[in-house]
Amino acid sequence: MGLRTVSTLSIGALGGAIATLVSVPMAWMLGPLFAVLIASLAGVRAGIDKRLHRGSIAMLGLFIGNRIELGELSHLLEWYPSVLAMLAYMGLMLAGGAWLFSSSGMSRLSAVFCSFPGSMNATVILAERLGVDIRWIAITHAMRLVIVVASAAFMASYLAGGIALGEGNGVSWAGVSLLLLAPASWWLGRLLRFPLPEFLGPMAVGVVLASLGHGVALPDVLLVATFLVLGSSVGARFAGTPWQRVVQVGRYGLLFGLYAVLMAVATAWLLASFTTHSFTAALLALLPGGVGEMAVIAVALDVDPLYVVSHHVLRLLLLILATPAIISLGRWLGEGHRHR
């Protein structure tokens with residue numbers, strides 16, 4: 001690694017440590033992102049080696065895939081009313097968010113990616129490979145994630161008297177083996193001509209292993225390192241960006257986060273009013289926060305975590321599968337906007 005990468009990761013590690021101390025959700029993603037972002041705006045020459053960045057993307061693919069067991073999704077057939085509610089909520093998020101972010105002056109395609117209801121890391125990776133400016137996507141999703149998870153955690157603290165987020169996975173030989181499995185899965189993705197092979201290849205391998213009962217939990221230290229690299233890499237892209245623009249887009253991200261929470265509350269209330277699903281369970285299944293955070297909060301509130309996780313996993317799969325159609329729509333809207 002070069003000196004610039006080491007110095008950037010050092011700044012990111014400081015941000016992650018501070019975010020952990022103040023209990024920021026996804027501390028080792030958002031802490032480095034904001035720390036390096038501030039340093040970049042202050043004139044620090046930040047940057048991450050591309051090979052390290054793409055290797056971290058491969059680890060992220062394994063991490064996400066390892067959480068998806070296809071057999072568990074069969075329960076969604078029993079929960080079809082809430083699945084339909086989730087689809088309606090996703091539509092509200094995409095439509096409302098696209099309109100809101102278009103008002104900020106960004107391109108229609110950027111506005112569509114900013115409006116994705118969840119999966120910050122996957123959204124940033126997809127947008128980057130399609131040539132979209134990911135700075136605004138990262139900052140708006142960071143604002144949305146903080147507001148959504150903080151709202152859910154506040155509810156848990158009020159109803160259950162507190163909550164501790166974290167997976168607590170120690171280091172094992174199986175976990176260390178992921179350092180070899182991630183690049184091998186990346187190579188397999190390239191061999192099979194997957195789009196985004198460094199992400200979708202490892203993700204597919206993770207899904208297969210988890211579904212066969214051979215899933216391996218990432219050690220916390222490896223997960224922290226992955227998020228540290230990804231967060232720092234996004235923050236480094238803000239070099240030379242005016243503060244005023246960051247504040248302007250961040251304001252829209254704040255509004256979008258509040259919109260996401262309000263729409264989730266309204267949709268969960270309607271679902272609970274006309275079905276046997278509880279309001280709390282429906283709300284946790286809808287809120288576009290991290291899968292792990294929502295699952296832990298569900299346990300704290302004595303809500304079936306399988307119900308919550310299944311909805312989040314389905315939403316992630318639908319977003320990935322629908323990405324080509326959403327991109328085509330965004331580009332069509334963008335062309336229509338330019339011809340006016």
Side-chain angles (χ1 to χ4, degrees), residues 1-2 5-6 8-9 12-13 16 26 28-30 32-33 36 47-70 113 116 118-132 134 137-138 141 167 169 171-212 214-237 290-292 312-313 316-317 319-321 323:
M1 291 188 294
T5 296
V6 173
T8 301
L9 290 177
M26 281 189 69
W28 284 98
M29 177 69 186
L30 299 183
L33 191 159
V36 177
I48 297 292
D49 184 276
K50 290 184 178 180
R51 293 167 297 181
L52 181 62
H53 179 219
R54 299 185 77 179
S56 296
I57 291 174
M59 291 301 304
L60 178 67
L62 271 177
F63 171 68
I64 293 176
N66 198 62
R67 289 168 171 246
I68 301 174
E69 293 186 27
L70 297 179
F113 275 109
F116 265 37
S119 188
M120 171 184 174
N121 293 301
T123 302
V124 169
I125 292 167
L126 291 169
E128 181 181 30
R129 291 299 300 272
L130 289 162
V132 179
I134 68 168
I137 297 169
H141 276 272
E167 297 196 348
N169 296 322
V171 177
S172 65
W173 283 112
V176 174
S177 68
L178 294 175
L179 290 171
L180 298 177
L181 183 58
S185 303
W186 176 3
W187 174 83
L188 179 63
R190 293 184 61 184
L191 183 66
L192 297 176
R193 298 184 180 278
F194 282 178
L196 301 172
E198 69 273 28
F199 178 64
L200 294 182
M203 180 179 169
V205 170
V207 170
V208 171
L209 289 176
S211 299
L212 293 176
H214 299 294
V216 178
L218 272 71
D220 284 354
V221 63
L222 191 55
L223 190 58
V224 164
T226 297
F227 285 140
L228 169 62
V229 173
L230 292 175
S232 299
S233 179
V234 173
R237 295 178 179 273
V291 178
H312 284 272
V313 168
L316 174 62
L317 290 176
L319 286 174
I320 292 174
L321 292 174
T323 294

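The figures that follow rest on heavy atoms only: side chains count, while hydrogens, waters and symmetry mates do not.
- Here CZ of R54 is found 12.0 Å from OG of S233. Values are rounded to the nearest 0.5 Å.
- At distances below 3.5 Å, at least one donor-acceptor pair connects side-chain atoms of S56 with backbone N or O atoms of L52.
- Listed here is the closest heavy atom pair of V36 and A236: CG1-N, 3.4 Å.
- Between the side chain of S232 and the backbone N or O of L9, no donor-acceptor pair lies under 3.5 Å.
- Residues H53 and V229 share a closest heavy-atom pair of CA-CG1, 4.0 Å.
- For L222 against M59, the heavy-atom pair with the smallest separation is CD2-CE, 3.3 Å.
- Of all heavy-atom pairs spanning G12 and P32, the tightest one is O-CG, 3.3 Å.
- To the nearest 0.5 angstrom, L33 atom CG is 12.5 Å from F227 atom CZ.
- Residues W186 and G55 come closest through the heavy atom pair CZ3-N, 4.2 Å.
- If you take CH2 on W187 and CG on L192, they are separated by 8.5 Å, rounding to the nearest 0.5 Å.
- Distance check: R51 CZ to T5 OG1 gives 9.0 Å after rounding to the nearest 0.5 Å.
- Between the CZ atom of F116 and the NE2 atom of H141 there is a distance of 7.5 Å, given to the nearest 0.5 Å.
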